[in-house]
Amino acid sequence: MSTSTGSATTGTGELPHAATAEGLPEATGADVRVRFCPSPTGTPHVGLVRTALFNWAWARHCGGSVVFRVEDTDAARDSQESMDAIVEALAWVGIDYDEGPGVGGPHAPYRQSERGDLYAEVARRLLDEGHAYASYSTPEEVEERHRAAGRDPKLGYDGFDRDLTPGQVRAFRDQGREPVLRVRMPDEDVVVDDLVRGEVVFPAGSVPDFVVVRANGQPLYPLVNPVDDAVMGITHVLRGEDLLSSTPRQVVLHRALVEMGYSRRVPRFGHLPLVLGEGNRKLSKRDPESDLFRHRERGLLPEGMVNYLGLLGWSIGPDRDVFTPAEMVAAFDARDIGANPARWDQKKAEAINGDHVRMLAPEVLLERLLPYLRAGGVLEGEPTEEQRRLLAAAVPLVQTRMAVLSEGPGMLGFLLVGDDALVVEDDAVASLRAEAAEVLDVSAAALVDLAEWDAVALEATLRAAVVDGLGVKPKLAFGPLRVAVTGRRVSPPLFESMELLGRASTLHRLAALRQRVS
RNA sequence: GCCCUCAUCGUCUAGCGGCCCAGGACACCGCUCUUUCACAGCGGCAGCACGGGUUCGAAUCCCGUUGGGGGCACCA
């Protein structure tokens, strides 16, 4: 879906912020540019998608642009499979983008592996213009110096190479050492005006000078990420809170980039609360709930996924929590993002999804169910005319009964498989009581010559024969029939199911169960 | 250890000084409907972490404590 709304002006026109730290007014409306920049490692993570969603919603709300950029600077871990999976994930949840790989745009290429020249140029200027310096210290040496001075060895880089004398440099070179490039952190506090947290102060000296280019010349994330954001004109960076502590470094680099003319202003940052998994830990790749495609297999709808993700750290308004992606875009304001971490709650995700299942037109639900029916082994390939007719009649009956699409095969399978292939579940058989045999006999007899084979007639006839005739309570009377016809204790409404199944199959299945209980 | 950050029902949250002895949703427990299960409806359980301030008045502002989370790489 490509969700652009006409109500894009709400909320952005009356921004209270006069200006960013750098003096330029904060971008608003169509000037807003956000980016989604995953590194293609592993399978798509719900946290990743949530971040993308918030950025996307903000840009679309404002009428701005979304840039998709690939941070593939780690050749060892990056893979094309992962890249494909990310593209697929975005498409699935309906997050579209205006610029990116496969789409193009004014700042192409959008893969960092193809932007090396730019990074090399920036690195050289950073060095030439004094924002960065060559650093020869190894981590071991830094630690050693801390230890020698009685400091905590884990303190981080100590600034040793900031002002090396020509003699020292010569000595290092003579040893055959190649330096890394380090950016010099200022000797004053760095203040970040975060969109969701307000002013965050990082005290001078608390953030060590950081490496941006390896000794072998390879540019690192702390360089390429801000450089691309600057060059691509990104105005807002919404990202996970785990990156908050690296923000002062980014801001310092951005300031240098502005000074060198690569961009006009430092982007506005907003740090989203983390999504937590079991045991209050950050949801990691190891947690099964973190796998987006696993939720798709489970049968969450993209609308349900977007809705639930939107609930994690944001609220569309008081007393409301079910909304469509379009409604989210219309209402989304990055300044309304909450700051406290949120736990992934599978039950709630599925409950929300159930609401979306119910919001679907039955024909649409039917189409969406097809892949799950195949995966569940009750359908092969395209449904036949007859199967389609059955499904069209049955889907409305199950629509209020399921929260996730993977429940489809269990609910509808009895209509699609042959009588002999019907699986009667063990717990369904176990639920049968003593009168089951008699109930099945009497029912079969009553149905053989039934004139009108429809739900109304079926109910009237069976009620008369079993409930009245045998004096069995409805609950006990219809249980065996349900098990016989659908193979399960829980199913769509019984008489409608029998009507759809037809007389021959119904009687066949009644007889089959009768035999089994004798 | 250092730096940052968060703090309302079990969970997600509304609340941005009086409308709140705190509202909604999920979960849970009842009841209604009912051929099962759902859906729907009704009702219930359950929370402002603690301590100081500020104020006529604090869930809302300030400070501290405690607790949770994140980050401290030549990964991203």
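Note that this is a predicted model, so its numbers are computed, not measured.
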Under 3.5 Å on both distances, the Watson-Crick or G-U partner of [N]:
| N | value |
| --- | --- |
| B:rA25 | B:rU11 |
| B:rC50 | B:rG64 |
| B:rU55 | none |
| B:rC37 | none |
| B:rC42 | B:rG30 |

Rounded to whole angstrom, note down the [atom1] distance from [N] over to [M].
| N | M | atom1 | result |
| --- | --- | --- | --- |
| B:rC61 | B:rG68 | C1' | 23 Å |
| B:rC28 | B:rC45 | C1' | 8 Å |
| B:rC3 | B:rU8 | C1' | 28 Å |
| B:rC9 | B:rA22 | P | 14 Å |
| B:rA7 | B:rA59 | C1' | 12 Å |
| B:rC26 | B:rA46 | C1' | 13 Å |
| B:rG67 | B:rC48 | C1' | 16 Å |
| B:rC12 | B:rG52 | C1' | 31 Å |

Among [options], which nucleotide has an atom closest to any side-chain atom of [X]?
| X | options | value |
| --- | --- | --- |
| A:Lys282 | B:rG70, B:rC74, B:rC4 | B:rG70 |
| A:Tyr221 | B:rA76, B:rC3, B:rC12 | B:rA76 |
| A:Gln218 | B:rG69, B:rC26, B:rA76 | B:rA76 |

Whole angstroms only, please: what is the [atom1]-[atom2] distance between [X] and [N]?
| X | N | atom1 | atom2 | value |
| --- | --- | --- | --- | --- |
| A:Glu199 | B:rC4 | CD | P | 14 Å |
| A:Leu243 | B:rG69 | CG | C1' | 14 Å |
| A:Leu312 | B:rC26 | CG | P | 16 Å |
| A:Asp161 | B:rC74 | CG | P | 12 Å |
| A:Leu276 | B:rC6 | CG | P | 15 Å |
| A:Ile352 | B:rU13 | CD1 | P | 12 Å |
| A:Phe269 | B:rC4 | CZ | P | 18 Å |
| A:Asp228 | B:rA76 | CG | C1' | 14 Å |

Base, sugar-phosphate alone, or nothing: which one does [X] contact when heavy atoms must sit under 4.0 Å apart?
| X | value |
| --- | --- |
| A:Val201 | sugar-phosphate |
| A:Glu241 | base |
| A:Ser246 | nothing |
| A:Arg197 | sugar-phosphate |
| A:Gly313 | sugar-phosphate |
| A:Val180 | base |
| A:Leu481 | nothing |

From [X] [atom1] over to [Y] [atom2], what is the distance, rounded to the nearest 0.5 angstrom?
| X | Y | atom1 | atom2 | value |
| --- | --- | --- | --- | --- |
| A:Leu220 | A:Phe210 | CG | CZ | 10.5 Å |
| A:Asn353 | A:Arg298 | CG | CZ | 10.0 Å |
| A:Arg184 | A:Leu253 | CZ | CG | 14.0 Å |

Original post:
What string of B, S and - do you get for nucleotides 28-38 of chain B, 5' to 3', if B is base contact, S is sugar-phosphate-only contact and - is no contact with any protein heavy atom under 4.0 Å?
Top reply: -------BBBB
**OP:** Return yes when atom CZ of A:Arg177 has more than 12 non-hydrogen atoms of other residues, nucleotides or ligands closer than 6.0 Å, and no otherwise.
**Re:**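 Enclosed.
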Salt bridge check, [Y] against [X]: does any charged N sit closer than 4.0 Å to a carboxylate O?
| X | Y | result |
| --- | --- | --- |
| A:Asp333 | A:Arg335 | yes |
| A:Glu178 | A:Arg173 | yes |
| A:Lys348 | A:Glu350 | no |

Subject >> Check against side chain to side chain contact (heavy atoms under 4.5 Å, CB included), A:Met83 and A:Arg111 >> reply: CA-CA 11 Å; A:Met83 176 66 194; A:Arg111 310 176 97 108; 3.6 Å; yes
**OP:** Just say parallel, tilted or perpendicular for the rings of A:Tyr136 and A:Phe172, cut-offs at 30° and 60°.
**Re:**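 Because their plane-to-plane angle is under 30°, the rings of A:Tyr136 and A:Phe172 count as parallel.
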**OP:** Specify the residue among A:Ser135 and A:Gly338 whose closest nucleotide of RNA chain B lies further upstream toward the 5′ end.
**Re:**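 Per heavy-atom nearest nucleotide, the more 5' residue is A:Gly338.
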Subject >> Candidate list A:Asp193, A:Asp229, A:Asp194, test salt bridge (charged side-chain N to carboxylate O under 4.0 Å, His left out), partner A:Arg268, passing option >> reply: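 That would be A:Asp193; it is the only one of A:Asp193, A:Asp229, A:Asp194 passing the salt bridge (charged side-chain N to carboxylate O under 4.0 Å, His left out) with A:Arg268.
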Original post:
Cut-off 3.5 Å, side chains only: do A:Asn307 and A:His356 have a donor facing an acceptor?
Top reply: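 Looking only at side-chain atoms, A:His356 and A:Asn307 do form a donor-acceptor pair, the distance falling under 3.5 Å.
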Original post:
Does A:Arg286 offer a backbone N or O that forms a donor-acceptor pair with the side chain of A:Ser290 under 3.5 Å?
Top reply: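 The answer is no, because no donor-acceptor pair under 3.5 Å joins these two groups.
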Under-3.5 Å N/O pairs linking protein and nucleotides 7-11 of chain B:
{"unit_1": "B:rU8", "atom_1": "OP2", "unit_2": "A:Asn340", "atom_2": "ND2", "d": "3.4"}
{"unit_1": "B:rU11", "atom_1": "O3'", "unit_2": "A:Arg343", "atom_2": "NE", "d": "3.2"}

